[in-house]
There are 2 protein chains.
Amino acid sequence: MAATDKALAGLRQMIASGELGPGAKFPPEPELCDHLGVSRSSLREAARSLAALGVIESRHGSGTYVSALDPAEIISRFSLSVQLIPLEGVLQLLEVRRVLESHATAAAAARQDPDLESRLSDILDRLEATEDASEIQNLDAEFHDTICTAGGNPTVTALTGVIRGRGGHYRIFEPGADFDAIKQTSDRGHRAILAAIANRDPAAASTAASAHIAQTELWLRALRPEPQPTPPAD
Amino acid sequence: MAATDKALAGLRQMIASGELGPGAKFPPEPELCDHLGVSRSSLREAARSLAALGVIESRHGSGTYVSALDPAEIISRFSLSVQLIPLEGVLQLLEVRRVLESHATAAAAARQDPDLESRLSDILDRLEATEDASEIQNLDAEFHDTICTAGGNPTVTALTGVIRGRGGHYRIFEPGADFDAIKQTSDRGHRAILAAIANRDPAAASTAASAHIAQTELWLRALRPEPQPTPPAD
DNA sequence: TGACCGCAAGTGGTCTGAGGACTTACGCTG
DNA sequence: CAGCGTAAGTCCTCAGACCACTTGCGGTCA
């Protein structure tokens, strides 16, 4: 087995076996090298791999630690790779988002959180008042994120958030062309979701969320012929 | 900015900008070091990070390449980290699986693939005939995977697969205790899903899949008090 | 002519050693 | 007792060398 793979397996095993739980500190690098039988370079490359996946964290001057192993945090690590996925793949991801967010929105409607309606309404008021592309994106994200959080499953919130972040790179809301029509359709979709939540109607909420995201899918699908439709600048 | 972060950003940018598309080859490491202004160690650690996320691939003796950037492949990379998530987080993930697989199962029922029913039936025949824990796990995975694939969204298949792989580490089907009762309940659940698909009834399929996975969630939830319920042995 | 073999150039993989940068905690000082 | 400085501990970065693998070219043999 290659040195880096050996180190990777060793580090992973230390966590999997329960020897080190969430937040626990690893031995210093030289000691780990000795224990795993690899050089420091190989150990460090293995550690980088696990750090990229959100499994461990290296703190300069302090040490290397097992992360919290929280699914929402781990899923957030997807963001870097998901943002590089081409449009065709983004459409597959949007179906995932549609299904999950539809579910979360129904759950939020069923929860009957008294504050939720007013908080969402505030966000929509601000959203409808602006025409700035990046502010639209931020408020849209805040709206959907608030609903998903109310849905009660942080993993779903994280997953939908990552996917939404990718879709946002395709700037649908750039001024020009069909900006007004698109904006109005989007705003109506948000109001429909809010109404369903205010009515404590999970089925309606699910349908409204599903329809809203399906609309986004249609807009993106229209871009499909383009080979490079606004690659993620970041 | 730290050296490794600089290298990471640089490599990522080469892909994000469209300079290098899926499958493209990076310049040799020494050239990249010069271009990015970092040492080879730092460059390699950055490359390891991206490789862990499924964004690039290094082939010994050949070169470093941009991956296919296929969402299903990228999601598979998370298997390593997901398998380390503690039970509490697995329950959140199972809700994701329940929602997604319920959706995919409905889609499979709607698709009317003529071969699907017989293939699934074969798998269930074999599944019902065995009592070997690891074979049960394999056949169960094959059953659900076949359905998800028929659902038509490879990303959904990959995502549910990763989550199922995690749940499998909690060996529900170990002989002893309630083995027979659990096995029978599970088998009945599979047959209900198959029946709904055979009837081309998406709503029934969705419900059956949802109920089947919800049952798994209940079994796992029963383990919750345990601090370390059979950690992933690998 | 064609297929096969071997060699050499190109490239990533690994190791070693050294010095720098940051965090942390101890002990000293006021 | 509070504040500060210092030293130990730890990760970060760099440099250079050598090894292992892939690839393609060119020669050789059937």
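Each chain gets a letter, A, B and so on, in the order the sequences are listed, and its residues count up from 1. Any value given below was found using the heavy atoms of this structure, including those in side chains, with hydrogens, waters and symmetry copies removed.
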Please assess B:R12 against B:V55 for the test side-chain contact (heavy atoms from CB on, under 4.5 Å), listing each intermediate value before the final yes or no.
CA-CA 9 Å; B:R12 186 186 177 289; B:V55 172; over 6 Å; no

Mind checking whether [X] and [Y] have side chains closer than 4.5 Å, heavy atoms only?
X      : Y      : answer
B:R166 : A:P71  : no
B:L36  : B:L11  : yes
B:H212 : B:H144 : yes
B:D113 : B:R119 : yes
B:T4   : B:V38  : no

Rounded off to whole Å, could you give me the [atom1]-to-[atom2] distance for the [X] and [N] pair?
X     : N      : atom1 : atom2 : answer
B:I56 : C:dG12 : CD1   : C1'   : 12 Å
B:E29 : D:dG16 : CD    : C1'   : 15 Å
B:M1  : D:dT13 : CE    : C1'   : 16 Å
A:D5  : C:dT14 : CG    : C1'   : 12 Å
A:E57 : D:dT10 : CD    : P     : 18 Å
A:E45 : C:dC15 : CD    : C1'   : 11 Å
A:R44 : C:dA18 : CZ    : C1'   : 15 Å
A:Y65 : D:dT10 : OH    : P     : 9 Å

Compare side-chain N and O positions of A:T4 against OP1 and OP2 of C:dT14 and report whether any pair is under 4.0 Å apart.
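For C:dT14, OP1/OP2 do have a side-chain N/O of A:T4 under 4.0 Å.
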
Would you please confirm or rule out a distance under 4.0 Å between OP1 or OP2 of D:dC14 and any side-chain N or O of B:S42?
yes

The side chain of [X] is closest to which nucleotide in this list: [options]?
X     : options                : value
A:T64 : C:dG13, D:dC11, C:dT14 : D:dC11
B:K25 : D:dC14, D:dT10, C:dT11 : C:dT11
B:A3  : C:dG12, D:dT13, D:dC12 : D:dT13

What does the list of N/O pairs under 3.5 Å between the protein and nucleotides 18-22 of chain D look like, with a distance for each?
residue, atom, partner, partner atom, Å
D:dA20, N3, B:H60, NE2, 3.0

Tell me what A:S58 touches on the nucleic acid: a base, only sugar-phosphate, or nothing, going by heavy atoms under 4.0 Å.
sugar-phosphate

Starting at the 5' end of DNA chain C and moving along, which residue's nearest nucleotide shows up first, A:L43 or B:P28?
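By nearest-heavy-atom nucleotide position, the 5'-most residue is B:P28.
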
With no hydrogens and no angle check, just 3.5 Å: does a side-chain donor-acceptor pair link A:Q83 and A:S79?
yes

